[in-house]
Amino acid sequence: MKNITKKIKPILPAVSIWFLLGIVFISIGMKSKVIISKPDLILWSLVVLAVFYLINYTISTVIGKMFLNREDAIALVYSTVMRNLSLALGIAASSFGSKAALIVTLAFILQVQSASWFGKYFANRVFK
């Protein structure tokens, strides 16, 4: 058990990220012809996702600021916004096809960047 904890456990996050990036790469590759033929599809998808994340950040920030202490409020924001997109990608692709997988893939890209911006620019200002 100690060997697993010392040798395998430290590499699991990196392996998980590599597999997630592989899923993202494959799902974008599945829709490469659509992406090239309809570039406005990506633009509209990003607009919709940006509005979704803006609403999500706003609601969770307001609720966290009103009812929770600083640490719990930040945890609420991140746990609300940072969903398990790899699972959503699998469900979307199997249920709705590769068009839904494209949206979830774009959401993964936007989600990670927005969480970084929130932590860097807004978290300390909002939750003093």
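Because the structure is predicted, anything quoted here is derived from the model rather than measured. Start at 1 with the first residue, then count along the sequence. Just so you know, these numbers use all the heavy atoms, side chains as well, and skip hydrogens, waters and symmetry mates.
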Test Asp72 against Leu76 for side-chain contact (heavy atoms from CB on, under 4.5 Å), laying out the working first.
-> CA-CA 6 Å; Asp72 290 340; Leu76 174 73; over 6 Å; no
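- Ring-plane geometry between Phe118 and Tyr57 is classed as parallel, the angle between the planes falling under 30 degrees on a 0 to 90 degree scale with a further cut at 60.
- Hydrophobic clustering (side-chain heavy atoms under 4.5 Å, transitive across Ile, Leu, Val, Met, Phe, Trp, Tyr) keeps Ile109 apart from Val48.
- Here Leu49 contributes atom CG and Trp44 contributes atom CH2; the two are 13.0 Å apart, rounded to the nearest 0.5 Å.
- Both Tyr121 and Phe127 sit in one connected hydrophobic cluster of ILVMFWY residues. Membership requires side-chain heavy atoms under 4.5 Å apart, directly or through other members.
- Under a hydrophobic-cluster definition in which Ile, Leu, Val, Met, Phe, Trp and Tyr are linked whenever side-chain heavy atoms come within less than 4.5 Å, directly or via other members, Val81 and Trp117 are assigned to the same cluster.
- When hydrophobic side chains of Ile, Leu, Val, Met, Phe, Trp and Tyr are connected at separations under 4.5 Å, Leu43 ends up as a singleton with no cluster partners.
- Evaluated for a side chain to side chain contact (heavy atoms under 4.5 Å, CB included) with Ile59, the options Ile55, Asn56, Thr61 yield exactly one hit, Ile55.
- Annotation: Tyr78, atom OH; neighbour count of heavy atoms from other residues, nucleotides and ligands within 6.0 Å is above 12.
- Linking Ile, Leu, Val, Met, Phe, Trp and Tyr whenever their side-chain heavy atoms come within less than 4.5 Å leaves Leu54 and Val112 in two separate clusters.
- Between atom CZ of residue Phe52 and atom CD of residue Gln111 there is a gap of 9.0 Å, rounded to the nearest 0.5 Å.
- Val126 and Val62 are not part of a single hydrophobic cluster, where members link through side-chain heavy atoms under 4.5 Å apart.
- How far CD1 of Ile63 is from OG1 of Thr80: 8.0 Å, rounded to the nearest 0.5 Å.
- Remark: Ile74 CD1 to Ser79 OG distance equals 11.5 Å, nearest 0.5 Å.
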